[in-house]
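Sharing a structure here in structure tokens format.
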2 protein chains.
Amino acid sequence: MSSNGKSYTRTRPSARSVKITKKLDNLPKNREQTPEDNYPKLKIIPLGGLHEIGKNTCVFEYEDEIIILDAGLAFPTDGMHGVNIVLPDVTYLRENRDKIKGMIVTHGHEDHIGGIAFHLKQFDIPVIYGPRLAMALLHGKLEEAGVSDRTELRTVRPRDIVRIGKNFLVEYIRNTHSIADSFTVAINTPVGVVIHTGDFKVDHTPVDGEFFDFQRLAEYGEKGVHCLLSDSTNAEVPGFTPSEASVYPNLERIMATASGRVLVTTFASSVHRVNIILSIAQKLGRSVAVVGRSMLNVIAHSRNLGYIKCPDNLFIPLNAIRSLPDEKVLILTTGSQGEPLAAMTRIANGAHRQISIKQGDTIIFSANPIPGNTIAVVNTIDKLMMQGANVVYGRHHGIHVSGHGCQEDHKLMLALTRPKFFVPVHGEHRMLVQHSKTAQSMGIPRENMVIINNGDVVELTENSIRVGGKVPSGIEPVDSSRTGFVRDDVLKERQQLAEDGLITVAVAVSDEGKLLAIPETHLKGVVMTADQATFKQQIVKVIEATLSDRWSELSRSFGNGEGNQIDWVGVRTEIERAIARLLRRELQSNPLLVVLMQTPEESPDSTASSTTETPQPATGRRRPRTAARVAS
Amino acid sequence: MSSNGKSYTRTRPSARSVKITKKLDNLPKNREQTPEDNYPKLKIIPLGGLHEIGKNTCVFEYEDEIIILDAGLAFPTDGMHGVNIVLPDVTYLRENRDKIKGMIVTHGHEDHIGGIAFHLKQFDIPVIYGPRLAMALLHGKLEEAGVSDRTELRTVRPRDIVRIGKNFLVEYIRNTHSIADSFTVAINTPVGVVIHTGDFKVDHTPVDGEFFDFQRLAEYGEKGVHCLLSDSTNAEVPGFTPSEASVYPNLERIMATASGRVLVTTFASSVHRVNIILSIAQKLGRSVAVVGRSMLNVIAHSRNLGYIKCPDNLFIPLNAIRSLPDEKVLILTTGSQGEPLAAMTRIANGAHRQISIKQGDTIIFSANPIPGNTIAVVNTIDKLMMQGANVVYGRHHGIHVSGHGCQEDHKLMLALTRPKFFVPVHGEHRMLVQHSKTAQSMGIPRENMVIINNGDVVELTENSIRVGGKVPSGIEPVDSSRTGFVRDDVLKERQQLAEDGLITVAVAVSDEGKLLAIPETHLKGVVMTADQATFKQQIVKVIEATLSDRWSELSRSFGNGEGNQIDWVGVRTEIERAIARLLRRELQSNPLLVVLMQTPEESPDSTASSTTETPQPATGRRRPRTAARVAS
């Protein structure tokens, strides 16, 4: 410990840091008391991360300046067919791109930095500040997306203070979390100091020896924190979150008593956990093969920056494990959440090219399933066990702890910062409600806090907090190619296709109202009660009946007394209705119905224009054309 | 307590019971020692319930006789689009229908009786024995499905012994579980006594005062149990499952301190829980409105049979709640699992016609989410909270306990029955493995147990247990109309439609290889990177290019020197391939592609036969016909 009671090793304020010593007098002064709408207002607008866990993105706006705190991604929920990742709707930022002065990144998790590369395709961010590990990971993402020239990345160290625009001075305060190099930020604004905790837990025995900078938080608390925005992930859980260090002895015991190979899976981004696993392997004389792109990526960056320290010869290539005795091997993989393409999942499915399970393997799941992933995880565990592995999983082994604080951690944060106003963030609705109750139990009045949703505009003045409006706050689902946005209507069509399938019917009708051929019916994803052939014959009968019942009427509709002016759109509509009735009656389901009409002659414009979305170049051709429409 | 230490009230063996006093000498004797394959063999074949929780269905077969123990249903997992319920593949029973002598039902839960009505459409079951509540519920299901004449339902009471066929004598032994009237069965066979626990927990203070019949189990244990099949649901959980009675004080405290309306949701089939809720309501002077079809159904049957005892005037119709003060109202609903159509879910979505949430409502979730339902449940809770309700949920309130025993319950069952052989059932793989470890810890040798999957044929002789084969054991997913089975290929098509959507292209080509009209393209559920119009023009270009590049070749393929013998199938295939390449390049996705070809003349038979699955009646028509094929 140094003389001032701190033991930061790499975290001393760097030379370029600016100390805050007094109320910052170069920020605009608050004006005299005026009607509420004319107060100087700080707007806080979360675009993601509220009423959900994921895609954390928060806008701070004062007059003509905006700074953004983090910009993450989320993963699709059930029913988002073919969606790979989910981004927040950033319409508000697109429309206010000229105001954007910069971004603050708190730490390097995907739900805090994963959206940035996508957003940079839509608007520039002049500068992004963040800790070293986060900036290293982000740099790789921007390079990969080809947008690294759209911004400037600047690395910060603990207690660095950065100025962004005229109105924002941001101090980085070291916290403890499951990834190395994680920060709480104090945002000094003309309205007062706003502290955003970022993601945090209180870990008094951090794996990397980098302690939570309570001194700095307390100093802000002493001077006066105007508003606290605090991580609510574990707001429903009483007590303290155990230290990351508590998993060490449990993992060590399991690995030390394993007689064969050991395979461990955890979140690649849990740098501290990875560190623990690697140091146990080293201690036990097991060589480590790393499997999975994100695991390799995070370990490379972390070693490069010194967050993971281990000798080069601890690692072996995956294809070299056969040359070692089983008890000298540890395989560290992705897939702790049963993700379909991750290494552990492919191993469980017998689909990994280089690893297959053998009798005597010990497999450790050093992670709890995130809600929604439970089924995928237990299925993976079952498959591994069936192949003869001893799988160690579940809460009672003490091999996983959360990176987020529980109720007592939240109380300590509130006690240190003593905020006037409070906004619980980073959580689903009931977590926010519970966090607000925790804050009320410590004396913050209910009227000094707001429970908000994405898109809500929190207006913070010197004397008040309120929700003053709403900006667009939906989602932008990105498809598996990572290039296109999956619109809502597309998702709805996919849902219907998924639920009930599809029927296409191609019908050729002469201008005397006779079928020119047996209509072709194709079924995809449709459940039949009778046999298909009979059902298709029913469709033919229905079409014939429709034509014979309705022809005289429909062929007269456009009649000018000179012949075949046929209402082809009407014909198709009638056929569609008749088939739809048949479907309801026979299948009790609602497949998407596509009727493609072939009409023998070039049809009048009225028909053409209503049945095509494509610009219709003049072709000069006669004879059959196709009129198709989709009825759903 | 009566003099013999029992306190059964309605459970004394009825007059028609048959006591077992000695080894049953009217069953065929075991033969002399012979090579293993010639031993008299009892086959135990689970068709559902192994490696899963759900659709419990177990076949016991001896020589030419089969009895079935329970026949339940399961609910679909992710990716089973449009599937409502899941049944086991009962091919084995269909093919051996002549052997089926009867069925034993252990209790009235859906995962034990929900499949019977479906199976009775495929084969007869001469007689079904079961407890009163289960038989009452089953009778309703069979009536509804119109199959009540396909079997005979016979009600049993505790310690009843029923003979089925020549080889099976089955004794019903009262156990404790979350539904009233639940049983463990002792199946006396020529090979020995097999005890199947059914679903059970050890509850020493059952809500209905009906104690677990340990005496009868112990008697079998004393005489010798050949094999035990035991419920593994909570095999991973240490300790005992708490008594159902333990939730009473917690629910009472919450309801007693609620100032407004109280809404409670739980499993309709948890008759004991419903009983507790109703008696607290009565005690607190709250009238009860019951919402949800299954809740109404179970309460009606349970009251009818005396399993739920409460005065008629405790209940009020839902539309009468407005006439009472809020603190006099309790609403008991389905929807504890966030099921989309259940009452509580509709209330949360603001979609219930008669109930909307008001400030001050207290809503109690007296059930834990089943894995897979977590997201749906927490979303429902969030929505209710957002409307101002105080929602009480989660484990730490003590308002839910499991109906299945934990490790110590399992040990007690093993200790009482002292089986020679052991088969863990009713659980996913890792639960079965853990249950087998529990059994090994009590001295049953590993080689005397088998861990099995659905369809495995367990062969039990006097001296051995082994898996001796496999019968069909897949699933039969039933669609939402509850009439059709959703085949595997249909599910796969739906999955592709859901993931990537659908593109239909209708192409009309002259017999000179020219487009007769601009091809019509329709997209459903497809993500566009460029705009649709441009993309559709690209498709047109690709088709034109294909025709001009390949026409001379394809129009010669069938050429006999006399003119237009065109390989229309080849043309379509070429067009499909070209469009598929375009899709991969432009969309990086794999939508289902349907190309419908219009050819100007009646095509040769070779084309017709390869492009239609419908019998092709002779039509005598000429001119356009449609050739469609689906490429995926």
Side-chain angles (χ1 to χ4, degrees), chain A residues 77-78 81-82 236 371-372 374-375 378 381-382 385-386 394 428-430 433 479-481 483-484 486 490 493-494 497-502 504 506 508 516-518 520 522 524-529 532-533 536 588-589 592 594 596 598 612-616 619 621 623-626 628 630, chain B residues 77-78 81-82 236 371-372 374-375 378 381-382 385-386 394 428-430 433 479-481 483-484 486 490 493-494 497-502 504 506 508 516-518 520 522 524-525 527-529 532-533 536 588-589 592 594 596 598 600 612-616 619 621 623-626 628 630:
Chain A
T77 54
D78 276 3
H81 301 295
E236 299 169 292
T374 312
I375 302 285
V378 297
I381 293 170
D382 276 355
M385 287 177 76
M386 283 184 236
E428 298 173 16
H429 182 77
R430 62 202 183 290
V433 170
D479 76 350
S480 37
S481 71
T483 51
V486 188
V490 168
E493 287 166 354
R494 287 181 176 178
L497 289 165
E499 289 294 320
D500 290 322
L502 159 83
T504 53
L516 290 166
I518 303 296
E520 288 270 341
H522 285 269
K524 284 281 149 185
V526 174
V527 174
M528 301 301 304
T529 43
Q532 279 212 16
K536 289 179 175 177
Q588 285 98 47
S589 74
L592 199 76
V594 181
L596 294 120
Q598 302 164 262
T612 173
E613 299 140 28
T614 329
Q616 193 79 20
T619 57
R621 300 198 195 287
R623 297 268 293 282
R625 66 175 302 284
T626 301
V630 173
Chain B
T77 53
D78 276 2
H81 301 296
E236 299 170 292
T374 311
I375 302 284
V378 298
I381 292 171
D382 276 354
M385 286 177 79
M386 283 185 238
E428 298 172 17
H429 182 77
R430 61 201 183 289
V433 170
D479 76 349
S480 38
S481 70
T483 50
V486 187
V490 167
E493 287 165 356
R494 287 181 176 180
L497 289 165
E499 289 294 320
D500 290 321
L502 160 83
T504 53
L516 289 166
I518 303 295
E520 289 270 341
H522 285 268
K524 284 280 150 187
V527 174
M528 300 302 301
T529 42
Q532 280 212 15
K536 288 179 176 178
Q588 285 98 48
S589 74
L592 199 76
V594 181
L596 293 120
Q598 302 165 261
T612 173
E613 301 140 26
T614 330
Q616 193 78 21
T619 58
R621 298 197 195 288
R623 299 268 294 283
R625 66 176 300 285
T626 302
V630 173

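Residue numbers start from 1 in every chain, and the chains themselves are labelled A, B, ... in the order their sequence lines are given, proteins ahead of strands. Computed from a predicted model, the values in this text were never measured in an experiment.
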| message | If I take atom NE2 from residue A:H429 and atom CD1 from residue B:I381, how far apart are they, to the nearest 0.5 angstrom? | response |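 Going from the NE2 atom of A:H429 to the CD1 atom of B:I381 covers 11.5 Å.
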| Would A:V378 and B:R430 count as a side-chain contact (heavy atoms from CB on, under 4.5 Å) if you check the C-alpha gap in whole Å, the side-chain angles of each, and the deciding distance to 0.1 Å? | CA-CA 8 Å; A:V378 297; B:R430 61 201 183 289; 3.2 Å; yes
| query | What's the shortest heavy-atom distance between B:P371 and A:T374, and which atoms? | reply |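 Minimum heavy-atom contact is CB-CG2, 4.0 Å.
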| pair A:R494-B:L497: side-chain heavy atoms closer than 4.5 Å |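 SC-SC contact between A:R494 and B:L497 ruled out.
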| Hey, what do you get for CG (A:L592) to NE2 (B:H522), rounding to the nearest 0.5 Å? |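 Separation between the atoms: 11.5 Å.
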